[in-house]
Amino acid sequence: MSGFPDDIPFFDEDDLPPRQSPAAPAQAPGGIAARAMAARGPQHQVPDYLSGLNPEQRLAVETTEGPVLVLAGAGTGKTRVLTTRIAHILASGRAYPSQILAVTFTNKAAREMKQRIGVLVGEAVEGMPWLGTFHSIGVKILRRHAELAGLRSDFTILDTDDVIRLIKQLIQAEGLDDKRWPARQFAQMIDGWKNKGLGPSEIAEGDARAFGNGKGRELYRAYQERLTTLNACDFGDLLCHPIRIFRNHPDVLKEYHRRFKYILVDEYQDTNTAQYMWLRLLAQRPSADSGPINICCVGDDDQSIYGWRGAEVDNILRFDKDFPGATVVRLERNYRSTAHILGAASHLIAHNEGRLGKTLFTEKPNADDSKVMVHAAWDSEEEARAVGEEIEAAQRNTKHNLNDMAILVRASFQMREFEDRFVTLGLNYRVIGGPRFYERQEIRDAMAYFRVVAQGADDLAFERIVNVPKRGLGEAAIRQVHDTSRALRIPMLEAAAQLAESDEMKPKPRAALRQVAANFARWKELLDNTPHTELAEIILDESGYTAMWKNDKSADAPTRLENLKELIRSMEDYESLRSFLEHVALVMDAEQNEDLDAVNIMTLHSAKGLEFDTVFLPGWEEGLFPHQRSLDEGGRSGLEEERRLAYVGLTRAKKNLHIWFTSNRRIHGLWQSTLPSRFLEELPEAHVEVAESGSGYGGYGDRQSGRSPYGASRFDNVGSSGGSSFSNAYATPGWQRAQANRTEATDRNWGSRSGHSVERIGYGEVDSGYGAGRSSVKGRTIDGELVAKSVSDTPSAFKVGNRVFHQKFGNGTVAAIDGNKLTIDFDKAGQKRVLDGFVNPV
DNA sequence: ACCTAGGCAATTTTT
DNA sequence: TTGCCTAGGT
């Protein structure tokens with residue numbers, strides 16, 4: 001066994017507290033639970049940690065035995081239920097902390113849970129060794145039984161970067177063209193297979209054939225073999241290996257069955273098939289072994305937004321079939337948002353099919369609350385400017401903290417414009433979920449050095465840094481090391497040491513290799529008797545890595561040196577080099593500075609689970625949100641996932657919610673005309689107000705009529721009192737102009753109005769350019785379902801020198817033509833590149 | 001062995 | 001438009 005510092009020995013059955021019936025909790029056993037019990041006071045029937053719960057929450061907490069599914073809508077106290085439930089299990093003496101398995105998806109969620117249980121139960125959470133992410137718990141299990149997966153317990157965890165480099169080598173080794181068969185793509189395929197728990201021999205023939213001239217299966221197999229020789233595994237293996245171990249070694253599984261009396265799962269709607277299998281194996285013990293399956297899954301099907309990375313909403317939808325007799329608790333009382341915000345969100349999400357169905361409600365009166373505001377902007381620049389102004393106004397007039405405001409975007413490229421704007425305004429902002437500390441080049445390089453010292457078989461790390469800093473070891477030299485390593489079946493580091501002593505190599509690289517090998521040998525000796533931070537400094541120093549950046553004159557060199565210092569500093573928090581490496585592999589994020597008052601900017605995805613007083617949702621345009629690519633790849637279910645994403649966005653807001661859309665947006669350098677998102681039409685008029693923006697729409701011909709070209713919107717009487725028509729809901733001039741714009745754009749792209757005879761075909765009909773490649777593949781979609789795809793390579797009708805008019809830029813002269821892309825010298829706006837569909841001849 | 005210009009592709013992200 | 005990667009040059 002591995003003997004890791006946090007390794008907790010298994011209890012024997014005798015050590016366990018007596019099983020108690022939920023109805024009559026007996027005397028708590030000693031230790032933690034007793035302290036928690038004491039906290040509730042002797043005479044009260046209801047412990048105070050339960051008293052603040054509403055009836056549903058309380059049911060979810062107190063139904064400790066048997067399978068429980070908690071459908072927790074946004075802002076209904078999900079985490080509270082989860083943490084209180086654990087506290088309750090502990091306090092009532094049902095289990096020791098080490099007998100509870102509690103899994104989350106993110107480290108952040110795990111941290112928060114630990115902290116909140118700590119508050120409830122006292123400082124005793126240290127004793128909850130099995131509260132963590134799927135992956136961190138997976139590592140823990142795998143370290144214990146590594147040999148059953150063909151690994152040593154000091155195996156390395158590879159990150160995506162390592163994996164891609166490794167796969168690239170394998171593709172080349174197979175004699176395949178690595179341009180035609182990109183490693184990144186295959187890495188994604190492997191990831192997909194592992195998400196489903198499939199090994200090389202279990203994947204579908206078709207999938208296996210689809211890559212690398214039919215060599216997909218061989219490649220996958222070679223990949224796994226390579227991982228084994230490297231004594232390494234990827235993220236997927238952290239789940240797949242334990243699954244296989246559990247399946248093949250019932251005795252091992254039985255140990256865990258005996259150990260875990262209670263299982264809790266957070267964000268159940270995000271579980272993929274592998275995680276589901278893992279949970280089933282742990283939860284479904286043979287009945288002879290123990291009592292009921294005490295599994296409690298908490299989730300919200302309406303917030304399932306990770307289908308694209310393998311999450312199966314179906315897991316939550318069929319929970320009661322998997323666990324017959326499950327208690328299902330719905331949490332629908334929302335404590336976060338105003339009635340307007342909830343009304344808008346509920347109405348929107350009601351357009352999805354296949355939901356378990358929840359209706360959020362609040363008891364807050366809505367008299368003073370403002371409605372959800374929908375704003376129109378001319379282009380993304382104006383959008384950023386206007387949002388900036390609103391933020392400043394809120395800060396001035398209502399002394400609103402910037403920390404309480406957030407801008408949630410669909411795609412990260414949208415962030416730039418806001419950042420630019422805020423920089424010029426001098427407005428503090430922070431980007432959440434941007435590039436991460438441990439992903440920086442200098443940090444990865446340093447880590448690669450450490451990895452080789454800690455685990456000499458880590459060839460990927462070795463290869464990364466053999467020639468960093470430059471030591472004159474080029475492709476030829478590295479190939480030689482590689483070949484020797486293969487031939488003798490030894491790690492590259494060892495191969496390098498041997499080559500350095502033989503005369504198979506030219507003198508220069510040979511000397512360099514000898515130096516490298518000698519260094520690593522020396523560092524390795526220091527590993528056990530030198531404080532690890534000190535060792536780290538020695539390594540970076542003696543390897544010449546620090547010197548490399550000191551000699552670098554580029555602008556970011558000082559920052560990199562600073563980052564390296566920060567890296568060493570952060571190592572102090574860990575006991576050993578090894579535990580530090582593990583932390584970094586699993587916890588890629590670094591803490592954010594919360595002290596500064598700053599506006600938060602992030603994607604909708606990373607906003608899940610957060611809340612803000614004021615939320616801005618820019619970019620609600622067809623093609624961007626819902627994203628064209630989701631529609632193309634996911635069809636109807638893709639659209640529904642986008643809608644859930646919109647729902648997540650709406651429900652982040654506590655008090656104020658502002659949605660924006662623009663008429664023009666620059667995508668990949670091209671200006672394109674855009675249409676308001678269909679999601680806007682799915683908002684209920686009762687809770688929404690269309691704001692008139694000052695500058696918004698001007699400058700081009702007025703279209704009369706707010707008539708929707710597609711007939712009445714299909715939703716507007718869902719749940720609202722009257723059968724009010726679409727045009728009533730958005731009868732303001734700005735909206736009408738937006739509609740007019742939509743009509744115009746539609747006409748522009750499809751030539752004539754006659755195509756509109758088909759019922760409501762207008763949705764997403766326009767090729768907005770997203771996802772349409774250079775060859776201009778136009779996708780026609782109805783409600784997200786792809787109905788037709790056609791390639792149009794029609795050369796542009798324009799000629800160089802033609803005078804044209806563009807909505808945004810005015811008059812200009814065509815300067816160059818590239819397919820359907822025109823370069824135009826505008827009289828006022830200068831030279832721009834636009835799609836030919838967006839200009840008209842003058 | 002190292003450096004630099006053009007080609008190419010561009011959601012969402014955790015671990 | 002930007003950023004990344006690769007090929008081809010020095």
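Within every chain, numbering begins at 1; the chains are lettered A, B, ... in the order of the sequence lines, protein sequences first and strands thereafter.
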Margin query: I'd like to check the ring-ring contact (aromatic ring centres under 6.0 Å, His included) partners of A:Tyr223; sequence neighbours left out, ordered by chain and number.
Written below: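 Scan of A:Tyr223 (ring-ring contact (aromatic ring centres under 6.0 Å, His included), adjacent residues dropped) gives none.
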To the nearest Å, give me how far apart [atom1] ([X]) and [atom2] ([N]) are.
| X | N | atom1 | atom2 | answer |
| --- | --- | --- | --- | --- |
| A:Arg666 | C:dT1 | CZ | P | 8 Å |
| A:Arg180 | C:dC5 | CZ | P | 22 Å |
| A:Arg165 | C:dC5 | CZ | P | 12 Å |
| A:Arg471 | B:dC2 | CZ | C1' | 16 Å |
| A:Glu417 | C:dT1 | CD | P | 14 Å |
| A:Arg416 | C:dG3 | CZ | C1' | 11 Å |
| A:Asp552 | B:dC3 | CG | P | 11 Å |

Check: When you measure from the side chain of A:Asp552 to the backbone N and O of A:Ala557, does any donor-acceptor pair fall under 3.5 Å?
Finding: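 No: the side chain of A:Asp552 does not pair with the backbone of A:Ala557.
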Margin query: Once you apply a heavy-atom cut-off of 4.0 Å, does A:Asp270 come out as touching a base, just sugar-phosphate, or nothing?
Written below: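 Contact class for A:Asp270: none.
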Checklist line | Sugar-phosphate, base or nothing in reach of A:Lys168, heavy atoms under 4.0 Å | finding: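 Touches sugar-phosphate only.
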Check: Between OH of A:Tyr647 and CZ of A:Arg652, what distance do you get to the nearest 0.5 Å?
Finding: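 One finds 8.5 Å between OH of A:Tyr647 and CZ of A:Arg652.
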Next item on the list: For nucleotides 10-15 of chain B, just jot down a letter per nucleotide in 5' to 3' order: B, S or -, based on protein non-hydrogen atoms under 4.0 Å.
Entry: BBBBBB
Next item on the list: Could you check A:Asp159, A:Asp162, A:Asp161 and say which one makes a salt bridge (Lys or Arg N to Asp or Glu O under 4.0 Å) with A:Arg464?
Entry: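 Option passing the salt bridge (Lys or Arg N to Asp or Glu O under 4.0 Å) with A:Arg464: A:Asp161.
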Notebook entry, point to check: Which heavy atom in A:Gly649 sits nearest to a heavy atom in A:Leu604, and how many Å separate them?
Noted result: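 Heavy-atom minimum between the residues: CA-CD2, 3.6 Å.
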Check: Where do A:Glu439 and A:Arg436 land on the salt bridge (Lys or Arg N to Asp or Glu O under 4.0 Å) test, with the steps shown first?
Finding: CA-CA 5 Å; A:Glu439 278 170 4; A:Arg436 281 175 288 176; 3.4 Å; yes
